[in-house]
Amino acid sequence: MLSIIVPSYNRKSEVTALLQSLTNQTRFNFEVVIVDDNSSEPVEITQDYPFTVTLVRNQENKGAAESRNIGVRSAQYDWLLFLDDDDRFADEKCEVIEQAILNNKEINFIYHPAQCEMVNEGFSYSTHPYTDINQLTLENILKANKIGGMPMLAVKKSFFQKLNGLSTDLLSLEDYDFVLKAITDSSFSPLYLPQALTKCTFHTKRSSVSTNNTNTKQAILKIKQKFVKTPEQAENFQLNSLYMLAFPYVMNLSRKAAKYYFELFKHSKNIKYLVITIVTIISPKLAINIKRFI
């Protein structure tokens, strides 16, 4: 029923731990497709699991978006789940997703909250996607992605293919672009599940989180060209763009994030962003901890 697509690059040990974690699922109604994106030390599957594991190795580095697309082309089942190699599914996720599909034959898209763990700071928080599917408008999602990234989605394979998968011309924000493509498609038929079925981990000052935001700026420009058509959409997307540009700086505990939060305050007149600006200037680590409460 379910194909779990896992792209991985130079994190061989994470793949082993991820596969072991999936042995805790309450239903083995899935296969796993690992796409090794030409890692310097190739991923190897050295043991058997109570589910099928398919390993695909890219002959050259393709990036996360195309690696997921490659995984989908190898998928055997009708519904797709996506998992990053350092994230985990709740033990009941595959069972809950299967039951939701069986009970809602008309849907092609499922989304749910995630439990996010700030590893270095020692706390976790839950995301808050829109609970009412009527709120999944282009105007709202341009203002903030209150649906989630690929690990918080289940997508019918035929719908994923209709959308031409993830956009490979983007080197950043591919998940967000996919969500925008989904909600603007005439056949979009979503279902919200209230359980936090994915656990995402975040590490501040991790080498993979670059403050070179060139790719993000280019992705923002391309997304704007594709989806922004009205003054309201432009204003909403401007706010979200500033938030997305601040993210890598705050994750690297850099006070440069304050510049973007102050711009958010000037555009929105929301006092929350002024408070975050001041806190970020005082202590970026303290600003990270605000996520406990908002």
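Residue indices begin at 1 and follow the sequence shown.
Hydrophobic clustering of Ile, Leu, Val, Met, Phe, Trp and Tyr side chains at less than 4.5 Å, counting indirect connections, keeps I70 apart from V53. F159 is connected to I183 through a chain of hydrophobic side-chain contacts under 4.5 Å among Ile, Leu, Val, Met, Phe, Trp and Tyr, so both are in one cluster. In the hydrophobic clustering of ILVMFWY residues, with side-chain heavy atoms under 4.5 Å counting as a link, F262 and L253 come out together.
By the 4.0 Å N-to-carboxylate-O rule, D185 lies close enough to K162 to be salt-bridged with it. Looking at E95 and K93, no side-chain N of the basic residue comes within less than 4.0 Å of a carboxylate O on the acidic one, giving no salt bridge. We find that R68 and D175 are joined by a salt bridge, their nearest charged nitrogen and carboxylate oxygen being less than 4.0 Å apart. Between E14 and R88 a salt bridge is recorded (basic side-chain N to carboxylate O distance below 4.0 Å).
For K157, the salt bridge (charged side-chain N to carboxylate O under 4.0 Å, His left out) test picks out no residue, with sequence neighbours left out. The side chain to side chain contact (heavy atoms under 4.5 Å, CB included) test applied to E41 returns K12, not counting sequence neighbours. In this structure E106 satisfies the salt bridge (charged side-chain N to carboxylate O under 4.0 Å, His left out) test with no other residue, sequence neighbours excluded.
Between the side chain of D85 and the main chain of V15, no donor-acceptor pair closer than 3.5 Å is present. Side chain of N108 to backbone of S189: a donor-acceptor contact under 3.5 angstrom is found. Under a 3.5 Å cut-off, the side chain of D87 and the backbone N or O of L83 do not form any donor-acceptor pair. For Q233 (side chain) and T230 (main-chain N/O), a donor-acceptor pair under 3.5 Å exists by modelled atom type. No donor-acceptor distance shorter than 3.5 angstrom exists from the side chain of S39 to the backbone of D36, with no hydrogens or angles considered. Not one N or O on the side chain of N120 forms a donor-acceptor pair closer than 3.5 Å with the backbone of H203. Distance alone, capped at 3.5 Å, places no donor-acceptor pair between the T201 side chain and the E117 backbone. A donor-acceptor pair under 3.5 Å links the side-chain atoms of N270 to the main chain of K272, judged by distance alone. Side chain of D84 to main chain of D86: no donor-acceptor pair is present (N/O by atom type, distance under 3.5 Å, no hydrogens or angles).
Defined by atom type and a distance below 3.5 Å, a donor-acceptor pair is present between the side-chain atoms of D37 and N58. Side-chain atoms of S3 and E31 form a donor-acceptor pair, as typed in the model, at a separation below 3.5 Å. A side-chain donor-acceptor contact under 3.5 Å links N29 and E98. Between the side chains of N252 and S254, no donor N or O sits under 3.5 Å from an acceptor N or O.
Contact detail for V155 and W79: the closest heavy-atom pair is C-CE3, 3.5 Å. Across every non-hydrogen atom of T280 and R255, the tightest pair is O-CG, 3.5 Å.
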What do the steps show when you test I278 against I276 for side-chain contact (heavy atoms from CB on, under 4.5 Å), and what is the final call? CA-CA 5 Å; I278 295 168; I276 295 174; over 6 Å; no
Assess whether side-chain contact (heavy atoms from CB on, under 4.5 Å) is satisfied between T184 and F227, documenting all intermediate values. CA-CA 9 Å; T184 54; F227 296 104; 3.9 Å; yes
Which is it for Y176 and N240 under the side-chain hydrogen bond (donor to acceptor under 3.5 Å, both in side chains) test, yes or no, and what are the steps along the way? CA-CA 11 Å; Y176 181 42; N240 198 19; 2.9 Å; yes
side-chain contact (heavy atoms from CB on, under 4.5 Å) between V250 and I288: does it pass, once the steps are laid out? CA-CA 7 Å; V250 75; I288 287 280; 4.0 Å; yes
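No more than 12 heavy atoms of other residues, nucleotides or ligands sit less than 6.0 Å from atom NZ of K143. Within a 6.0 Å radius of CG in D48, other residues, nucleotides and ligands contribute 12 heavy atoms or fewer. Counting non-hydrogen atoms of other residues, nucleotides and ligands closer than 6.0 Å to NZ of K217 gives a total of 12 or fewer.
For K181 and F178, the positive end is not near the middle of the six-membered ring at less than 6.0 Å and at most 45° from its axis.
Side chains of L81 and C94 form a contact here, defined as non-hydrogen atoms less than 4.5 Å apart. Using a 4.5 Å cut-off on side-chain heavy atoms (C-beta onward), I147 and L136 make contact.
Atoms CD1 and CG, on I45 and L55 in that order, are 5.0 Å from each other to the nearest 0.5 Å.
With ring centers used as reference points, F30 lies 6.0 Å or more from Y77. Y243 has its ring centre no less than 6.0 Å from the ring centre of Y273. In summary, the aromatic rings of Y130 and Y111 are positioned with their centroids too far apart to meet the 6.0 Å limit.
Relative ring orientation between Y125 and F123 is described as tilted, the plane-to-plane angle lying within the 30° to 60° band.
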